[in-house]
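Below: the structure, in structure tokens.
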Amino acid sequence: MDDNHNTIERYERGWLTFGLVMVVVFILLVGYTLVNQGGTVPIGVSRIDATKVRTQGEFANPRVEQVGNEYVVHMQAFAFGYLPSEVRVKKGTKVTFYITSPDVVHGFNVQNTNINVEVIPGEVAQVSTVFNRAGQYQVLCNEYCGIGHANMISKIVVEE
Ligand code: CUA
């Protein structure tokens, strides 16, 4: 009788624990999805004066630089294109993109990678990757930004 009662209690406690674990898992999943949004997480986002992007500072000179064994790209996503309009890097080398917008919100989506960044005027998005396959990677804007949105494309050329 008493044994039976204990068994039931243990059984209930088991389900209660299971329920709590599932709640925690659920919260973690939601959090993970919110943070990730299905792409590489942009990190180190900093503030910048959008009205000066074209004329002052690093982004006034959009470029690909080799820094040690890595590449650093300062990029403008603008209506309607990207500067530099083409990025050339070597395969297997880390590339860090710093991207900002001088006008409206744009996207920086690199096809066949998990890079999918929202580029917000007044903010610098940072994202790093290593291209392990040579070839051309198309860059697309996936935030509707106006009449030229569909033509806002660019490419990254990865060389052997
Ligand atoms: Cu830029 Cu859509």
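Both counts, for ligands and for their atoms, begin at 1 and track the order of listing.
- In this pair, Phe59 and His74 present their aromatic rings perpendicular. The plane angle is above 60°, beyond the 30 to 60° band.
- The pair Lys91-Glu159 fails the salt-bridge criterion, with no side-chain N (NZ, NE, NH1 or NH2) lying under 4.0 Å from an Asp/Glu carboxylate O.
- Among the heteroatoms counted here (N, O or S) of Glu143, O is the one nearest to atom 2 (Cu) of ligand 1.
- Comment: Glu12 does not engage Arg10 in a salt bridge, judged by the lack of any side-chain N to carboxylate O separation of less than 4.0 angstrom.
- An angle of 120° is found at atom 2 (Cu) of ligand 1 between Cys145 atom SG and Cys141 atom SG, rounded to 10°.
- None of the N, O or S atoms belonging to Tyr144 lies under 2.8 Å away from atom 1 (Cu) of ligand 1.
- Within the 2.8 Å limit, His149 places no N, O or S atom next to atom 1 (Cu) of ligand 1.
- Closest approach of Tyr82 and Ser154 over heavy atoms only: CD1-CB, 3.4 Å.
- Atom ND1 is the N/O/S atom of His106 found closest to atom 1 (Cu) of ligand 1.
- Looking only at side-chain heavy atoms (C-beta outward), Tyr137 and Gln111 stay at 4.5 Å or farther from each other.
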